[in-house]
S.K.: 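Once you've had a glance at the structure underneath, I'll fire off some questions.
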Amino acid sequence: PVQVNYLGFPATMGAPYIDYIIADRMVIPEAQRAHYSETVVYLPHSYQPNDRTRLSAPTPSRAENGLPEHGFVFCCFNNAFKIGPQVFAVWMWLLRNVEGSVLWLLEDHDATKANLKRVAMGCGIEESRLIFAPRVAVEDHLARHALADLFLDTLPYNAHTTASDALWMELPLVTCTGDTFASRVAASLLVTIGLPDLVTASLSEYGDLARNLARDPERLAGIRTKLARNRETSPLFDVARFTRHLEAAYAMMWDRHRRGEPPAGFAVETLP
């Protein structure tokens with residue numbers, strides 16, 4: 001009798017029989033509620049569930065992963081289909097402007113690798129500066145985040161679980177927000193963990209921030225320290241607290257249904 005769009009599809013279903021969508025105020029700002037067929041239910045922090053029990057393997061060496069021992073490592077472990085030409089152009093600009101840097105990407109199909117290398121060479125970047133990480137077990141994948149210096153997000157489809165993986169492993173992430181749910185998820189995670197300064201509103205601002213961080217190791221180290229501290233105290237990885245908020249949302253939906261009232265948007269109050 002009550003149907004909820006949550007987590008599996010980061011957009012409106014556009015279907016009149018879906019009553020609610022679970023969100024937060026970053027992924028669906030008030031001004032965008034009109035574009036959703038569902039009524040919007042706001043959780044007090046990020047809509048995305050996470051926890052503090054993710055296990056990682058011992059940290060490998062850069063050499064074991066084909067990375068240079070020295071030099072700045074930009075990375076993006078998003079699926080390759082999220083990499084669009086505008087974002088990739090910014091990444092190539094970063095490689096040109098950060099001497100000795102490399103771009104570490106998740107390995108996908110051979111054709112994808114060949115195409116990305118070809119475009120990079122067309123931008124004046126040696127193909128050897130694009131390094132590809134093969135798919136491995138989750139514990140090993142989490143461990144290798146420690147080898148990167150800065151995660152570069154994609155647009156218009158952000159890192160979602162990939163972003164929370166990076167933040168859990170204390171890897172700073174720079175994102176750029178768009179106008180859709182899917183383009184604002186990484187911002188939701190960063191704001192919740194107390195790093196709103198890593199959220200940008202344009203690709204030019206995004207590129208400038210990433211370049212400045214790559215050139216300022218002291219500032220980047222400070223962000224890592226803050227991330228490590230906030231990881232243990234932020235609501236982002238507090239699964240018990242998150243569960244209380246989500247259950248409160250479901251209870252309020254069900255109470256409305258039992259009273260014979262139609263679905264209506266609401267915000268869940270912050271619980272301890």
Side-chain angles (χ1 to χ4, degrees), residues 26 56 59-63 65-78 83 86-106 120 123-126 128-131 133 142-155 158-159 162-178 183-234 236-237:
M26 176 58 71
S56 63
T59 303
S61 68
R62 280 193 169 190
N65 284 266
L67 298 169
E69 288 299 326
H70 305 286
F72 198 89
V73 176
F74 294 106
C75 86
C76 180
F77 291 142
N78 288 356
I83 303 174
Q86 291 180 313
V87 163
F88 195 72
V90 176
W91 294 354
M92 296 301 98
W93 177 83
L94 286 168
L95 292 182
R96 288 194 299 270
N97 283 272
V98 180
E99 186 177 355
S101 61
V102 297
L103 177 61
W104 196 19
L105 302 173
L106 188 65
C123 295
I125 300 298
E126 295 180 5
S128 61
R129 295 179 71 186
L130 268 62
I131 300 168
L142 290 175
R144 64 188 177 187
H145 281 75
L147 307 178
D149 295 299
L150 184 65
F151 190 110
L152 300 175
D153 198 12
T154 48
L155 189 75
N158 282 176
T162 314
S164 57
D165 285 346
L167 296 176
W168 175 247
M169 297 308 296
E170 302 173 15
L171 175 60
L173 178 150
V174 172
T175 191
C176 180
T177 58
S183 66
R184 302 178 66 85
V185 170
S188 167
L189 303 176
L190 285 166
V191 169
T192 301
I193 207 166
L195 294 173
D197 291 348
L198 299 184
V199 178
T200 65
S202 69
L203 284 178
S204 60
E205 183 184 349
Y206 161 94
D208 286 342
L209 177 58
R211 178 195 58 186
N212 293 342
L213 290 174
R215 292 177 172 179
D216 191 343
E218 185 174 344
R219 180 184 176 190
L220 188 58
I223 292 172
R224 277 187 177 271
T225 299
K226 184 176 181 180
L227 178 53
R229 181 175 65 248
N230 291 4
R231 190 184 81 154
E232 301 303 323
T233 58
S234 162
L236 184 61
F237 295 107

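Values below: every heavy atom of this structure, side chains too, minus hydrogens, waters and symmetry copies.
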S.K.: Please test W168 against L236 for side chain to side chain contact (heavy atoms under 4.5 Å, CB included), starting from the C-alpha separation and ending with a verdict.
M.R.: CA-CA 10 Å; W168 175 247; L236 184 61; over 6 Å; no
S.K.: Go through the steps for C176 and E205 under the test side chain to side chain contact (heavy atoms under 4.5 Å, CB included), then give the verdict.
M.R.: CA-CA 8 Å; C176 180; E205 183 184 349; over 6 Å; no
S.K.: Verify side chain to side chain contact (heavy atoms under 4.5 Å, CB included) between T154 and W91, making sure each step is shown before the conclusion.
M.R.: CA-CA 10 Å; T154 48; W91 294 354; 3.9 Å; yes
S.K.: Quick check against the 3.5 Å criterion: does T200 have a side-chain atom that pairs as donor or acceptor with the backbone of T175?
M.R.: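 Here the side-chain-to-backbone pair exists.
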S.K.: Where do V185 and A159 come nearest, in terms of heavy atoms and distance?
M.R.: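 Looking at all heavy atoms of both residues, the closest pair is CG1-O, 4.1 Å.
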S.K.: T192 and M26: side chain to side chain contact (heavy atoms under 4.5 Å, CB included), yes or no, with the steps?
M.R.: CA-CA 10 Å; T192 301; M26 176 58 71; over 6 Å; no
S.K.: Who pairs with R211 by salt bridge (charged side-chain N to carboxylate O under 4.0 Å, His left out), at least two apart in sequence or on another chain?
M.R.: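 For R211 the salt bridge (charged side-chain N to carboxylate O under 4.0 Å, His left out) partners, ignoring immediate neighbours, are D208.
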S.K.: Give, for atom CD of E170 and atom CG of N230, the distance between the pair rounded to the nearest 0.5 Å.
M.R.: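 Interatomic distance, E170 CD to N230 CG, rounded to 0.5 Å: 10.5 Å.
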S.K.: Verify, without hydrogens or angle tests, whether D153 (side chain) and V174 (backbone) share a donor-acceptor contact under 3.5 angstrom.
M.R.: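 No, the answer is negative, given that no donor and acceptor are paired below the 3.5 Å cut-off.
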S.K.: Under the side-chain contact (heavy atoms from CB on, under 4.5 Å) test against L150, which residue among I223, L198, L213 passes?
M.R.: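 Exactly one candidate clears the test, L213.
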S.K.: Is the shortest heavy-atom distance from the side chain of P172 to the side chain of L220 under 4.5 Å?
M.R.: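 They are in side-chain contact.
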S.K.: How many angstroms lie between CG in L203 and CH2 in W93, if you round to the nearest 0.5 Å?
M.R.: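 Result: 11.5 Å between the selected atoms.
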S.K.: What's the shortest heavy-atom distance between A186 and A163, and which atoms?
M.R.: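 Taking A186 first and A163 second, the nearest heavy atoms are CB-CB, 4.4 Å.
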S.K.: What is the distance from atom CG of D165 to atom CG of L173, rounded to the nearest 0.5 Å?
M.R.: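 So the gap between those two atoms works out to 11.0 Å.
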S.K.: In the structure I gave you, are the side-chain heavy atoms of L171 and C75 within less than 4.5 Å of one another anywhere?
M.R.: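 Yes, their side chains come closer than 4.5 Å.
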S.K.: Checking R96 side chain against C123 main chain: does a donor-acceptor pair fall under 3.5 Å?
M.R.: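 Yes.
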S.K.: Using the side chain to side chain contact (heavy atoms under 4.5 Å, CB included) criterion, which residues pair with A120? Sequence neighbours excluded.
M.R.: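 Per chain and number, A120 pairs via side chain to side chain contact (heavy atoms under 4.5 Å, CB included) with F88, M92, I125, L130.
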S.K.: Could you grab the distance from atom OG1 of T177 to atom CG of N158, nearest 0.5 Å is fine?
M.R.: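 One gets 8.0 Å once the value is rounded to the nearest 0.5 Å.
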S.K.: Look up atom CG in L155 and atom CD1 in I83, then write down how far apart they are to the nearest 0.5 Å.
M.R.: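 That separation rounds to 13.0 Å.
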S.K.: Where do L189 and L167 come nearest, in terms of heavy atoms and distance?
M.R.: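 Closest heavy-atom pair between L189 and L167: CB-CD1, 3.9 Å.
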S.K.: Can you tell me how far apart CG (L190) and CZ (R184) are? Round to the nearest 0.5 Å.
M.R.: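 That separation rounds to 12.5 Å.
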S.K.: Has the side chain of R144 got a donor or acceptor atom that lies under 3.5 Å from a matching backbone atom of N65?
M.R.: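 No, R144 side chain to N65 backbone: no donor-acceptor pair under 3.5 Å.
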S.K.: Answer with yes or no after comparing the ring centroid distance for F151 and H145 against a 6.0 Å cut-off, counting only values under it.
M.R.: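 So the answer is no for these two rings.
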S.K.: Would you say the side-chain atoms of R62 pair up with the backbone N or O of L147, donor to acceptor, closer than 3.5 Å?
M.R.: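 The answer is yes, because a donor-acceptor pair under 3.5 Å joins these two groups.
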